There are 2 protein chains.
Amino acid sequence: MKKKENMETELIELAELFKVFGDSTRIRILYDLMQGERNVTEITEDLAMNQSAISHQLKILKMAKLVTAQREGKSMVYSLADEHVKTIIAMGKEHIEE
Amino acid sequence: MKKKENMETELIELAELFKVFGDSTRIRILYDLMQGERNVTEITEDLAMNQSAISHQLKILKMAKLVTAQREGKSMVYSLADEHVKTIIAMGKEHIEE
DNA sequence: TAAATATATGATAATATATTCATATGAACG
DNA sequence: CGTTCATATGAATATATTATCATATATTTA
């Protein structure tokens with residue numbers, strides 16, 4: 001069993017993680033990336049949103065380690081960081097589809 | 001494959017679900033209920049918070065169908081609605097513990 | 001049925017969050 | 001090396017969210 005304080009910290013971190021999933025722009029970005037890697041312009045077009053808004057949200061996703069980025073010439077190409085992202089989204093879907 | 005609009009709606013619902021998990025008070029309530037059912041007073045004591053704050057958050061959890069409530073005399077006893085809650089939290093933990 | 005206990009609710013204030021606009025930074029290429 | 005294209009960033013605004021306070025509602029019991 002963990003110490004009470006550690007548990008509290010862990011729960012706060014958990015909430016912070018889920019908070020990242022809890023925004024429709026960010027979820028749409030993640031879903032877009034589930035189809036394959038994309039640069040910022042492509043994501044901006046796919047979501048039909050402001051480029052700056054997308055960049056701001058990508059930053060949050062990157063800080064949460066849900067996506068990774070690599071430069072390719074002038075563009076930055078984003079991808080999902082790992083399989084957990086897909087699993088977490090799949091779990092959420094299951095709950096909704098009841 | 002789903003229609004584009006249905007997908008959008010589903011993603012928005014997903015975001016709304018995760019938003020519910022994305023608050024430390026609510027996550028702490030869920031974790032508390034993972035140990036067993038509790039009435040409002042007990043939750044209030046376990047989290048050492050204001051009773052009204054707890055009630056407000058319980059309402060949000062109930063609307064999201066993450067918890068259920070039943071009256072027992074003067075108290076309302078809350079429980080986790082289903083196993084998905086535990087699974088989703090477990091998935092989140094996995095991502096964090098890397 | 002009045003008092004006590006348990007919970008819920010509405011309004012308010014404080015805080016957090018997302019989007020937009022303007023602009024900065026960085027890379028490629030003539 | 002100046003221009004163009006791609007992305008990031010900071011400030012400002014608008015909106016959403018949370019906790020608290022005061023109080024209402026509901027149940028039990030003296």
Side-chain angles (χ1 to χ4, degrees), chain A residues 8 11-33 36-81, chain B residues 8 11-33 36-81:
Chain A
E8 289 293 305
L11 290 176
I12 289 170
E13 281 174 25
L14 251 189
E16 271 163 19
L17 174 65
F18 285 123
K19 198 175 292 180
V20 179
F21 284 93
D23 172 82
S24 60
T25 299
R26 287 190 294 265
I27 277 272
R28 288 169 71 217
I29 292 175
L30 291 174
Y31 183 78
D32 196 33
L33 294 179
E37 51 179 40
R38 303 261 189 283
N39 66 37
V40 178
T41 303
E42 288 166 338
I43 299 173
T44 302
E45 287 166 357
D46 289 346
L47 304 209
M49 283 185 65
N50 184 298
Q51 176 269 317
S52 176
I54 299 294
S55 272
H56 280 296
Q57 297 311 324
L58 281 170
K59 186 175 191 178
I60 292 171
L61 289 168
K62 198 163 66 174
M63 287 195 309
K65 300 194 176 171
L66 298 181
V67 305
T68 56
Q70 68 192 91
R71 181 169 285 282
E72 272 184 25
K74 277 181 281 189
S75 8
M76 291 295 289
V77 178
Y78 283 81
S79 339
L80 293 188
Chain B
E8 288 293 305
L11 290 176
I12 289 169
E13 281 174 25
L14 252 188
E16 272 163 18
L17 174 65
F18 286 124
K19 195 176 294 179
V20 178
F21 284 92
D23 172 80
S24 60
T25 299
R26 287 190 295 264
I27 278 272
R28 289 168 72 218
I29 292 175
L30 291 174
Y31 183 77
D32 196 32
L33 293 180
E37 50 179 38
R38 302 264 191 281
N39 66 37
V40 178
T41 302
E42 287 166 339
I43 299 173
T44 302
E45 286 167 357
D46 288 347
L47 304 208
M49 284 185 65
N50 184 299
Q51 175 268 316
S52 175
I54 298 296
S55 273
H56 280 298
Q57 298 310 326
L58 282 171
K59 186 175 190 177
I60 292 172
L61 290 168
K62 199 163 66 173
M63 288 195 307
K65 300 194 176 174
L66 298 180
V67 305
T68 56
Q70 69 192 89
R71 181 170 284 283
E72 272 185 23
K74 280 181 279 189
S75 4
M76 291 295 289
V77 177
Y78 284 82
S79 337
L80 293 188

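All values reported here derive from a predicted model rather than from experimental measurement. Chain naming here is simple, since letters A, B, ... match the order of the sequence lines and numbering starts at 1 in each.
The nearest whole Å value for the distance from the CZ atom in A:F18 to the C1' atom in C:dT17 is 20 Å. A:I43 has its CD1 atom 14 Å from the P atom of D:dA6, to the nearest Å. In this structure, A:N50 atom CG and D:dA8 atom P are separated by 13 Å, rounded to whole Å. The NZ atom of A:K59 sits 22 Å away from the P atom of D:dA6 (whole-angstrom rounding). Between B:K74 atom NZ and D:dT27 atom P there is a gap of 12 Å when expressed in whole angstrom units. A:L58 places its CG atom 7 Å from the P atom of D:dA8, with the value rounded to the nearest Å. Following rounding to the nearest Å, B:R38 (CZ) and C:dA6 (C1') show an atom-to-atom distance of 17 Å. In this entry the distance linking CD of A:Q51 with C1' of C:dT23 reads 12 Å, nearest Å.
At D:dT17, none of the side-chain N or O atoms of B:Q57 fall inside 4.0 Å of OP1 or OP2 (strictly under the cut-off). Remark: A:R71 is not in phosphate contact with D:dT7, judged by side-chain N or O atoms under 4.0 Å from OP1 or OP2. Note on A:K19: a side-chain N or O is less than 4.0 Å away from OP1 or OP2 of C:dT17. In this structure, A:Y78 reaches the D:dA8 phosphate: one of its side-chain N or O atoms is under 4.0 Å from OP1 or OP2.
Residue order along DNA chain D, read from the 5' end via each residue's closest nucleotide, puts A:T41 first among A:T41 and B:M49. If B:I60 and A:M76 are placed on DNA chain D by their nearest nucleotide, the residue sitting closer to the 5' end is A:M76. Along DNA chain C, the nucleotide nearest A:S24 and the nucleotide nearest B:A53 are compared for position; the residue whose nucleotide lies closer to the 5' end is B:A53.
Among the protein residues, B:K62 comes within range of no part of the nucleic acid, since none of its heavy atoms lies under 4.0 Å from any strand.
Side-chain contact annotation: A:E45 with A:T41, donor-acceptor N/O pair under 3.5 Å absent.
Interatomic distance, A:I43 CD1 to A:Q51 CD, rounded to the nearest 0.5 Å: 10.5 Å.
Closest approach to the B:S52 side chain among D:dC21, D:dT17, C:dT19 is made by D:dC21 (side chain taken as heavy atoms from C-beta onward). Of the candidate nucleotides D:dA8, D:dA19, C:dT7, D:dA8 has the atom nearest to the side chain of A:V40. Distance from the side chain of A:S55 is smallest for D:dT7 among the nucleotides C:dA6, D:dT18, D:dT7.
Stacking between B:H56 and the base of D:dT18 is absent under the criterion of ring centres within 5.5 Å and planes under 30 degrees.
Put simply, the residue from B:I29, B:L61, B:I60, B:L33 that forms a side chain to side chain contact (heavy atoms under 4.5 Å, CB included) with B:L66 is B:L61.
For the pair B:R28 (side chain) and B:D46 (backbone), a donor-acceptor distance under 3.5 Å is absent.
Ring planes of A:F18 and B:F18: parallel class, angle under 30° (limits at 30 and 60°).
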